[in-house]
Amino acid sequence: MKKLLLILALLISTIGIAQEKDNYKNTVTSFQNHYNNGDVTSIFNMFDNNFKQVLTLEKTKAYFTQEVNMEALGKIKSIEYKDTVRSGNNYTITFDKGIYNGYFLLGTDNKFALIQLDLAKKIKITQQYKVTLR
């Protein structure tokens with residue numbers, strides 16, 4: 001009986017660890033709203049003070065317009081939680097015209113201590129070929 005309770009307790013704690021926390025859900029939803037409104041200044045205001053020193057408002061605007069290319073990607077359709085790594089969360093971000101991997105780390109006051117967006121490299125096999133050597 002004790003073994004069963006121990007296994008059940010471990011299972012429940014593991015399930016709890018693998019879930020996205022509410023503070024991340026709320027912050028990521030706010031990020032999506034600001035992004036979809038094209039409001040980079042509001043995204044910048046979501047950064048903690050240390051992150052603002054590294055990524056100034058001007059650099060943030062350049063990052064979202066040139067590196068991420070907001071105009072070409074279009075609006076964010078969805079942000080899906082994948083997992084938690086080093087106390088930050090990995091997400092799959094689906095845009096109108098692309099898919100990115102996102103890593104968000106919250107610092108003090110639920111402000112971003114780090115945002116990392118990378119193009120998701122997905123390989124699709126459209127046709128299979130059979131090669132015969134003679």
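The residues of the chain are indexed from 1 along the displayed sequence.
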Could you list the residues that satisfy side-chain hydrogen bond (donor to acceptor under 3.5 Å, both in side chains) with D39, not counting sequence neighbours? S42

Any non-hydrogen side-chain atom of L117 less than 4.5 Å from a side-chain atom of F104? yes

Can you confirm whether or not the ring centre of Y24 sits under 6.0 Å from the ring centre of Y81? no

Gap separating the CE atom of M46 from the OG1 atom of T41, nearest 0.5 angstrom: 13.0 Å

How about L55 and F44: do any of their side-chain heavy atoms sit closer than 4.5 Å? no

Between CG on residue L73 and OG1 on residue T94, distance to nearest 0.5 Å: 11.0 Å

Is the closest side-chain donor-acceptor distance between T27 and N110 under 3.5 Å? no

Establish, from distance only, whether the side-chain atoms of Q116 and D118 form a donor-acceptor pair under 3.5 Å. yes

Grab the two heavy atoms, one from E67 and one from Y100, that are nearest each other, plus how far apart they are. O-OH, 4.1 Å

Indicate yes or no for a side-chain donor-acceptor contact from T84 to the backbone of S87 under 3.5 Å, with no hydrogens or angles considered. no

How many angstroms lie between atom OG1 of T29 and atom CD1 of I79, to the nearest 0.5 angstrom? 7.0 Å

Shortest non-hydrogen contact from I93 toward I76: CG2-CG2, 3.9 Å

Would you compute the distance between atom NZ of K52 and atom CZ of F47 and round it to the nearest 0.5 angstrom? 9.0 Å

Would you say N36's side chain and K75's backbone share a donor-acceptor pair under 3.5 angstrom? no

Does the side chain of N89 pick up a donor-acceptor pair with the side chain of Y91 at under 3.5 Å? yes

With a 4.5 Å limit on heavy-atom distance, are the side chains of Y35 and M70 in contact? yes

Are D96 and K77 side-chain neighbours, meaning at least one heavy-atom pair lies under 4.5 Å? yes

Between K82 and T92 the two heavy atoms that sit nearest each other are CD-OG1, 3.1 Å

How many angstroms lie between atom CG of N90 and atom CD of E80, to the nearest 0.5 angstrom? 13.0 Å

What distance separates F112 CZ from I43 CD1, expressed to the nearest 0.5 Å? 8.5 Å

We want to know whether K111 and N49 form a side-chain donor-acceptor pair, criterion being a heavy-atom distance below 3.5 angstrom. no

